Protein chains: 2
Amino acid sequence: MTTQPILLTAEEINELRKEVGRDTLMGKTIAKNVAQVERFMSLPLEVPGHGDGGSYEHNRHKDNYTYMNIAGRLFLITEEQKYADFVTALLEEYADKYLELGFQVQKNTNPTGRIFHQILNEHGWLLFTSIAYSCVASTMTEAQRQRIIDRIFVPMIEMSIEKYSHRFDHIHNHGVWAVAAVGACAVAIGKPEYLEMAVYGRDPEASSGFLDQVSNLFAPSGYYLEGPYYSRFTIRPLVLLAEVIHRHMPEVDIYNYKNGVVGNTVQALLASAYPNGVFPAMNDASQSMSIADMGVQVAVSIYGAHYSLDDNILGMAKIQDGVWMHPCGLKVSRAYEEASAERTIGMPFWPSVELNEGPDGDKGAQGFVRMQDKNGDVTQLVMNYGQHGMGHGHFDTLGITLFNRGHEVLREYGFARWINVEPKFGGRYLPENPSYARQTIAHNSVTVDETCQNYFDVDRADSVHGLPHFFQVNDDNLKGMSAFANDHHDGFGQQRSVFLLNLDELEAPLLIDLYRVVGEGEHQYDYSHQYDGQIIRTNFEYEAYKELETLGTDHGYQHLWKVAAGEAKETALVSWLQDNSYHTWLGTSSNANGEVIFTRSGANDPSFNLRSEPSFILRSRGESTLFASVVETHGYFNEEFEQSVNARGRVQDIRVLAHNETGSAIEITTQDSIVTMLVSNQADVTESTVNQIIINDKTFNWTGHYSVEVKTQSQETI
Amino acid sequence: MTTQPILLTAEEINELRKEVGRDTLMGKTIAKNVAQVERFMSLPLEVPGHGDGGSYEHNRHKDNYTYMNIAGRLFLITEEQKYADFVTALLEEYADKYLELGFQVQKNTNPTGRIFHQILNEHGWLLFTSIAYSCVASTMTEAQRQRIIDRIFVPMIEMSIEKYSHRFDHIHNHGVWAVAAVGACAVAIGKPEYLEMAVYGRDPEASSGFLDQVSNLFAPSGYYLEGPYYSRFTIRPLVLLAEVIHRHMPEVDIYNYKNGVVGNTVQALLASAYPNGVFPAMNDASQSMSIADMGVQVAVSIYGAHYSLDDNILGMAKIQDGVWMHPCGLKVSRAYEEASAERTIGMPFWPSVELNEGPDGDKGAQGFVRMQDKNGDVTQLVMNYGQHGMGHGHFDTLGITLFNRGHEVLREYGFARWINVEPKFGGRYLPENPSYARQTIAHNSVTVDETCQNYFDVDRADSVHGLPHFFQVNDDNLKGMSAFANDHHDGFGQQRSVFLLNLDELEAPLLIDLYRVVGEGEHQYDYSHQYDGQIIRTNFEYEAYKELETLGTDHGYQHLWKVAAGEAKETALVSWLQDNSYHTWLGTSSNANGEVIFTRSGANDPSFNLRSEPSFILRSRGESTLFASVVETHGYFNEEFEQSVNARGRVQDIRVLAHNETGSAIEITTQDSIVTMLVSNQADVTESTVNQIIINDKTFNWTGHYSVEVKTQSQETI
């Protein structure tokens, strides 16, 4: 039995103590933690019984471990006995009750704990409480310690490694929580054999345990296949256990393990965030999870302390306005203090990055393209051409999202779930999550014949992935990426090529989007756009229906009201106002039968589980089809001050010139310019391939993956 | 011809100059104005031609006068010649073009100007440009001045008083702009006869001109019958002309005129604002107009300088974070500086206030009831029991709105208009404004037999008004108001009594709402609630329709989709999540046939002019009917941090015990308490009236307008 803090040394505690009362990131963190813990400590101690997700009991147990975790370290930093007393008193109550509680009744596939409705949360309790215990154990009597160990910690470890052994050390985000909890507790109670088990797995020969998890859950790029929302959730136990291993199994050299996979993983997570710090809601995710999450704060501190401390990391800490209350956080805080004395630390501006997927990085990728406008605003374009995100996967390969001016313009619905809202099925996933949110039509993509990619078959989806074509981001004025999804529908090939183009006459980078579907026989293709805000104008007539029916009967279509529709003619224009900005979409297809359909989600939603959100769809029927569109962001509207400028935008037309198996050719007309874009449709093209397409007597030539020519009114090529 | 600034003396300019570079409200205002004007001056001068509302041309003309107005004063304050040169150069371009422009083509009932699509804006140009001219005229040559006067100012004045004489000095908010523009220009160009005309009207015998406007547009309470949105719009020329009169016709003693009607008017406007400074969208109004509006800033400065400078006024200036760049604003800035050195100036907390309507204050009133919760959050309840707001009037007598925790909970739709958005009919009112936004069903009120109050007849509506019953706000834990609307439907009497009640067990004041309709024969009554957010739970089964039809065919019902409905049984509960708060409504009626209908606006909206917003309606059929309901605000949800507490609330039931011509009796059951509320339904009741109702062997006695008894679980009466 040890009585030492598992994550801090006496010397480190002294250094942290010096920050008390200072106006630094660490000083502010300590002050905030003191205020929060004091407020909680002013309430009577309470260890309630069972409750569902989001219930009072659930929240109370969560608060208990959250504040014990902070109080343990505050005791060390401030040397105030009351914090230790609080942790001890609460742990004693748990020691009284824990074994009496019995396991909760299981309501979904997750096994239940004694305290929580799923062991996932119980592992959170064990991880944070073990750390807290280690901070204050020296103030307890031997009998107190033994009782807490015997009546809480050991039974919890046994629950993990025996009762739920099949869930313990497997390659899954829940598994990371399990091994981190058991590993940290092992050190706290002086049973190193359990740390060993956490690190190497119960069966060291099998693929299991922490080292295999960090090797296999993340691609070489560091991308986590369930997406940033789950990555940030997994990152917290991951880096905490890494720090435990760093301090207690130095022989593992964890931070250099597999070329620094721990740091790589943190960096990949941070590199996915939108310019405002919010994570794109890839796969099952809320629309508001951000780098301000406590797990990401811990990760940024550990990354800064053990890997790199550049201005983007400091910029992240600035958004977080705090650090992890730990020596690692102190390093970041001091670096920030030093850097701020010299220069202004701005918002982070991450470079464009392609994050490969799969254990060997050959299962497609996620592309993140960023470009700044003249005012410094960052436009971010995200395309998914990687793997299916396992159980959380959305069927949206080649789906995109677009962000600028502080909001998502082409939006991701995220999950159908009201997280922790107890009256909404305990905050769990709702039936509308599979029936709507995960379906292809709920995304910014093309839906073939009103079905779903991979026919909503998760096994089928897990067996295929996107095929990267190119990712070119070296030109400041034109960045683009392209990929294929040839295995997601029987008998169809798909390719999407998306670009951000800076034109002098435009306020913001222009999104150019070429989506090509190759199929035999006539099919229906729905090129859908999830937006938010108010329709301002169109360039075509449409009928707003007097009665509403659903757009279809299955694959998410049953949740969409068909609100209005009209014939798109050659090129359709839809312009809308979102917050303070106007966005104008111009779209066309190579078929001449386009129809634009306006929808709103919320049909067949018997419990109001869905949000009511609009979309518009360019529907086209034909064989192989090329969709082409642009989104221009322009103007300014302020209702409060009744200002509106440039409500119409400058792009006037977009046309498909030609497309075949070799390439696609489109032309965009703006007020001042004509942009001709040629894109290769051949998977094996290289930088030096000479491409040529001849269609209807027109010949287009270019070298490499694509070519863009901009002619201004004066016919100069720039 | 004079060459003196009309609103500042040399000595005052010197005092303003001392604030340059200081961190005071005035110092910050000057710095912000310098930055804005510099940015505008860096663009080439431009005097464009005609454009529609919200067009480029429109915005440019507006910017031109806005920045000339500021630049004129900046020239005096900073003594930098460039500001004067900017004003002079721009005025010379207007002098070149103004008379050549010709009048715009008229598109609606508003007469057009040469620069703008309505003379209202042209008067704005004249008012602000006259002031600017007066600041810099001394730097011009005599010939320059004469040319500007001859080719701009005099033709504009003539347009106002001759071509559009019928609109010049009438009792209307547009008339205030007209007389203010002509009055200010008169002083600027040395033609006092026009100031005289502005103040007393073209015909001093008729009810016209500024003095009659301020006497007749506002009630004795200072309330402006078109509502705060129009009041704040009218207040700017009103106080500007008042200041002109104060300085150039001191014999009028304008600030003491009619017991200080100018100040009274400003104060009434400020007293209507929600706790966050946003004005309730009474009548045709946006939902976001606030005290940050420039007109309100000028008004607060003038009120502070000439009337009173208490902490609520300083709190308003704090929200505005600036003052009017004028000696009046300097007084406020200095008072704020002085007060802040002594104490913290918090957010304003205006007392509850009843603002009477009509020239003699006997045409009903608008009630504003405010109560603070334990955390200092202010709940504000607004009820309209006054006049119809003329052309802008909504048919919502007895309608209420409720605000707390930073948002409107029971909401006002506001206008159907995208102000200044040129592609939306030049930013004008849209057809859906009369067909939906102004109809009774679009409000939080009761709609009788699917019609509209006063049958949407403006003349009929102008001839009736609400009848105040009581307004009692002296008890810190119970504040209420009640009124009748007996003339708004043929053969129906209506009474609404609304209270805010503080109960220890509740987080926020509880809204208690009794709405009684008296009619003969069976009728359909729709008790509607405009909310925002996501339905969390109900206590009754409902059917979400597979196809949507409109709720009705006329009076706004044609714009509502009937989304879902269910039998309400005895008491219906609807709980929803808005932003970070839960709100739970429990409602019942004295009839046993209640049905709750969930709707969404946007039907029969062929151009997407409406916002898509939800409401729920308790529909009841019967003769005379009492509706009773509560709204409880509770809990906390944070999606980003995945926290949810108290998602269910504590109120459990509300029942109608009895109601007749004497009084109404209801009972509310919460987790800990039973609240019995008795309200008098007699118009002539006084504080000492002894009331008794006996219904079904139950006897209820109380004295005065109402009685509330709270029994806690231990049966103690508090």
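The chains referred to below are lettered A, B, ... by the order of the sequence lines, with proteins before strands, and numbering in each begins at 1. Values reported hereafter were calculated over all heavy atoms of this structure, with side chains retained and with hydrogens, waters and symmetry mates removed. Not measured: the values here are computed from a predicted model.
Using a 4.5 Å cut-off between heavy atoms, B:Asn646 makes no contact with chain A at all. Residue B:Val278: no heavy atom, backbone or side chain, is found under 4.5 Å from chain A. Of the atoms belonging to B:Glu639, heavy atoms from both backbone and side chain fall under 4.5 Å from chain A. Both the backbone and the side chain of B:Ala647 come within contact range of chain A, judged by heavy atoms closer than 4.5 Å. Heavy-atom distances place the side chain of B:Tyr229, and not its backbone, under 4.5 Å from chain A. At a 4.5 Å heavy-atom cutoff, B:Asn638 makes no contact with chain A through either its backbone or its side chain.
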Criterion salt bridge (charged side-chain N to carboxylate O under 4.0 Å, His left out) on A:Glu642 and B:Arg232, from CA distance to verdict: CA-CA 13 Å; A:Glu642 309 203 329; B:Arg232 69 81 215 174; 3.7 Å; yes
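If you tally non-hydrogen atom pairs under 4.5 Å between each of A:Gln558, A:Glu543, A:Arg600 and chain B, the highest count goes to A:Arg600. Here B:Ser644 is the residue among B:Ser644, B:Ser290, B:Pro606 with the most heavy-atom pairs under 4.5 Å with chain A. Taking B:Gln643, B:Arg537, B:Met289 one by one and counting their heavy-atom pairs under 4.5 Å with chain A, the maximum is reached by B:Met289. In terms of heavy-atom pairs under 4.5 Å with chain B, the best-connected choice from A:Ser612, A:Gly533, A:Ala603 is A:Ser612. Ranking B:Trp561, B:Phe598, B:Phe637, B:Phe641 against chain A, the residue ahead of the rest is B:Trp561, based on heavy-atom pairs under 4.5 Å. Looking only at heavy-atom pairs under 4.5 Å with chain A, the residue among B:Val563, B:Thr550, B:Asn420 that has the most is B:Asn420.
Looking only at distances, a side-chain donor or acceptor of B:Gln534 sits under 3.5 Å from a matching main-chain atom of A:Leu610.
When the heavy atoms of residues 54-67 of chain B are compared with those of chain A, the residues falling under 4.5 Å are B:Gly54, B:Asn59, B:Lys62, listed by number. Of residues 575-585 of chain B, those residues lying under 4.5 Å from chain A by any heavy-atom pair are B:Leu577, B:Tyr582.
Note that the CD atom of B:Glu549 and the CG atom of A:Leu548 stand 10.0 Å from one another [nearest 0.5 Å].
Sorted by first and then second residue, the salt bridge (Lys or Arg N to Asp or Glu O under 4.0 Å) pairs involving residues 412-432 of chain A (not counting sequence neighbours) are A:Asp52-A:Arg428, A:Glu422-B:Arg648.
Contact detail for A:Phe608 and B:Ala564: the closest heavy-atom pair is CZ-CB, 4.1 Å. For the pair B:Glu640 and A:Ala292, the tightest heavy-atom approach, listed with the atom from each and the gap, is OE2-CB, 3.5 Å.
Every residue two or more places apart in sequence or in another chain was checked for a side chain to side chain donor-acceptor pair (under 3.5 Å) with A:Tyr545, and none qualifies.
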